[in-house]
Amino acid sequence: VQLQASGGGLVQPGGSLRLSCEPSTFTMDYYAIAWFRQAPGKEREGVSCISSNDGNARSADSYYSDSVKGRLTISRNNDKNMVWLQMNSLKPEDTAVYYCAAHKSRGNWCSIRTEDWYDYWGQGTQVTVSS
């Protein structure tokens with residue numbers, strides 16, 4: 001396992017969770033990191049990503065899918081070798097297994113459009129939003 005995803009769980013609609021992604025075999029300074037999710041019976045979709053920006057985490061660019069924009073926030077701390085996905089105002093349709101993925105790139109750009117761009121994947125963490 002190259003990436004360790006954690007923080008999932010059961011939460012009521014409107015609640016919050018914070019997912020964590022930590023590489024187990026490399027330092028992430030020069031890697032773009034993304035979160036994808038897969039709901040039962042659906043294809044995996046990109047949720048959010050954050051660029052490496054050549055190791056300058058404070059000015060790294062981030063991207064979000066339209067379905068989560070304004071509710072989810074991705075962030076990174078290279079000193080702690082961690083990426084987080086803060087999830088607020090959760091909805092039942094956010095229920096899915098969430099995966100983090102990494103691609104080595106020193107640019108200030110990342111993608112949530114294609115899984116193939118990412119080289120390393122975590123095992124996934126289940127998020128269930130239900131009353």
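Aromatic rings of W35 and W84 (six-membered ring for Trp) have centroids beyond the 6.0 Å cut-off, not under it.
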Between Y99 and R37, is the side chain to side chain contact (heavy atoms under 4.5 Å, CB included) condition met? List the steps. CA-CA 6 Å; Y99 300 88; R37 68 185 182 186; over 6 Å; no

| request: Take S16 and N88, measure what side chain to side chain donor-acceptor pair (under 3.5 Å) needs, and give me the verdict at the end. | output: CA-CA 4 Å; S16 298; N88 298 329; 2.9 Å; yes

Run the side chain to side chain contact (heavy atoms under 4.5 Å, CB included) test on C100 and V83 for me, step by step, so that the C-alpha distance in whole Å, both residues' side-chain angles and the decisive distance to 0.1 Å come before the verdict. CA-CA 9 Å; C100 62; V83 167; over 6 Å; no

Exercise. Report the C-alpha separation of R76 and N78 in whole Å, then their side-chain angles, then the decisive distance to 0.1 Å, and conclude whether the side chain to side chain donor-acceptor pair (under 3.5 Å) test is met.
Key: CA-CA 6 Å; R76 66 188 299 158; N78 291 343; 3.1 Å; yes

Q: Mind running side chain to side chain donor-acceptor pair (under 3.5 Å) on T27 and N81 for me, showing each step along the way?
A: CA-CA 6 Å; T27 55; N81 209 34; 5.4 Å; no

Stepwise side chain to side chain donor-acceptor pair (under 3.5 Å) check, S24 with Q4:
CA-CA 7 Å; S24 58; Q4 185 71 37; over 6 Å; no

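Without hydrogens or angle criteria, T114 side chain to D116 main chain gives a donor-acceptor distance under 3.5 Å. Of the possible polar contacts, none joining the N56 side chain to the R58 backbone as a donor-acceptor pair under 3.5 Å is found. With hydrogens and angles ignored, the 3.5 Å screen pairs no side-chain donor or acceptor of D61 with any backbone N or O of W109. The main-chain N or O of C110 is never found under 3.5 Å from a side-chain atom of S51 such that the two would form a donor-acceptor pair. At distances below 3.5 Å, not a single donor-acceptor pair connects side-chain atoms of T128 with backbone N or O atoms of T95. Q123 places a side-chain N or O within 3.5 Å of a backbone atom of A5 that can act as its donor or acceptor partner. Under a 3.5 Å cut-off, the side chain of T73 and the backbone N or O of Q86 do not form any donor-acceptor pair.
Separation of atoms CD (Q12) and OG (S130) is listed at 8.5 Å; rounding is to 0.5 Å. Between atom CG of residue L72 and atom CZ of residue R18 there is a gap of 13.0 Å, rounded to the nearest 0.5 Å.
The number of heavy atoms from other shown groups lying within 6.0 Å of CD (E43) does not exceed 12.
Between D54 and Y30 there is a side-chain heavy-atom pair separated by less than 4.5 Å. For the pair C49 and S111, the minimum side-chain heavy-atom distance is 4.5 Å or more. Side-chain contact between V47 and I112: absent, with no pair of heavy atoms (C-beta onward) separated by less than 4.5 Å. Residues R71 and K91 form a side-chain contact, since some pair of their non-hydrogen atoms from C-beta on lies under 4.5 Å apart.
Of all non-hydrogen atoms in C21 and L3, the two that sit nearest each other are SG-CD2, 4.1 Å. Taking every heavy atom of both residues into account, R44 and F36 meet most closely at CG-CB, 3.8 Å. I50 approaches A60 most closely through the heavy-atom pair CG1-CB, 3.9 Å. Scanning all heavy atoms of the two residues, the minimum distance from A39 to A96 falls at N-CB, 3.7 Å.
Both Y118 and V97 are assigned to one and the same hydrophobic cluster, defined by single-linkage of ILVMFWY side chains at heavy-atom distances under 4.5 Å. By the criterion of side-chain heavy atoms lying less than 4.5 angstrom apart, applied directly or through intervening Ile, Leu, Val, Met, Phe, Trp or Tyr residues, V11 is grouped together with L85 in one hydrophobic cluster.
Between D66 and K69 there is a salt bridge, since at least one side-chain N of the basic residue sits less than 4.0 Å from a carboxylate O of the acidic one.
When each of K104, H103, R106 is tested with Y31 by the rule side-chain contact (heavy atoms from CB on, under 4.5 Å), just one qualifies, namely K104.
Scanning for side-chain contact (heavy atoms from CB on, under 4.5 Å) contacts around V127 gives L17, L19, M87, Y98, V129, with sequence neighbours left out.
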